[in-house]
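The block underneath contains the structure these notes are about, expressed in structure tokens.
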Amino acid sequence: MRIVLLGAPGSGKGTQSQILVKTYGVPQISTGDLLRQAVAAGTPLGLRAKEAMDAGRLVDDATVLDMIGERLCQADAAFGFILDGFPRNTAQADALGSMLKKLGRPLEAVVLLNLDLGVLFRRLTGRRICEGCGAVFNIYTAPPDPEAHLAKTGHLPQLIQRPDDKEEVIGKRLEVFDAQTKPLIDYYKGAGLLQVVDADADVDTVFHAIQRAVPPRVC
Ligand code: AMP
């Protein structure tokens, strides 16, 4: 399986990627996660990326492409991958196409998780992450059950909000999606790779829609 999950922030790319990882045994490659790890580790790349991330802007293409080029060459990506949050603009999509051509492993599908703007806003403002284990909750639609969480993980939920999920940054991230990432819909439609999935449903329903959307030889 070599696919891109395309969608605005909050459309469920991360959640669906994790289920695809468990089901098909290929890695999720999330540029957002890789960048957040670099920021947390205080690497030079992380320091360069932090300002753009905190402001809801895209990190520069050269930094992201270096990072993704290295990640795609790691052994676990040889048998497939789910790209989450990459590419984010047509320059990145062109570069991805060239990289995969060199590796002889072209994309098999691009799945667009389609969601209304109002729903996206609510998902992002409500998203909270447990600092102890990284589990993702939503204070409006999927709040944690403290006792169940304690039984499962050994700790109570310690909810934090990603700095870029603050209301004042969300507007900017959605604007950036509209201006820079949305053109990828036509880009991949033109390449015959685009599949559209309605992402305004529960997690299982969306997952089954993704399975139906991805050509059978890919799953
Ligand atoms: P995400 O977790 O995918 O929403 O990404 C969080 C932030 O990381 C974004 O708002 C960008 O600042 C940065 N980022 C993630 N992926 C990319 C990418 N492919 N290109 C540029 N910036 C990115």
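The model shown is predicted, which means the values in this text are computed figures rather than measured ones. Read the numbers this way: they start at 1 and go in the same order the structure lists the ligands and their atoms.
When only modelled atom types and interatomic distance are considered, Q195 and Y188 share no side-chain donor-acceptor pair under 3.5 Å.
When heavy-atom distances to ligand 1 are checked against a 4.0 Å cut-off, V64 comes that close only through its side chain, counted from C-beta outward. Residue-level proximity to ligand 1 for L58 is carried by backbone and side chain together, each with a heavy atom below 4.0 angstrom. No part of K172 comes within 4.0 Å of ligand 1, judged by heavy-atom distances. The part of D164 lying near ligand 1 is the side chain, judged by heavy-atom distances below 4.0 Å.
A salt bridge between D61 and R88 is absent, with no side-chain N of the basic residue lying under 4.0 Å from a carboxylate O of the acidic one.
In this structure, atom 8 (O) of ligand 1 lies nearest to the protein heavy atom M53 CE, 3.5 Å. Nearest to atom 14 (N) of ligand 1 among the protein's heavy atoms is L35 CD1, 3.4 Å. Here the heavy atom of the protein found nearest to atom 17 (C) of ligand 1 is T31 OG1, 3.6 Å. The nearest protein atom to atom 4 (O) of ligand 1, hydrogens excluded, is given as R173 NH2, 3.2 Å; this is a heavy-atom distance.
Of the polar atoms of G85, at least one N or O is found under 3.5 Å from an N or O of ligand 1, judged by distance alone. Between V59 and ligand 1, an N or O atom pair is found at a separation short of 3.5 Å.
Taking hydrophobic clusters as Ile, Leu, Val, Met, Phe, Trp and Tyr residues chained together by side-chain heavy-atom distances below 4.5 Å, L96 shares a cluster with L184.
Figure legend: cation-pi geometry between R127 and F137 absent, as NZ or CZ is not positioned both under 6.0 Å from the six-membered ring centre and within 45° of its axis.
Comparing K13, R57, Q92, R88 by heavy-atom distance to atom 1 (P) of ligand 1, the nearest is R88.
Under a 3.5 Å cut-off, the side chain of R48 and the backbone N or O of T63 do not form any donor-acceptor pair.
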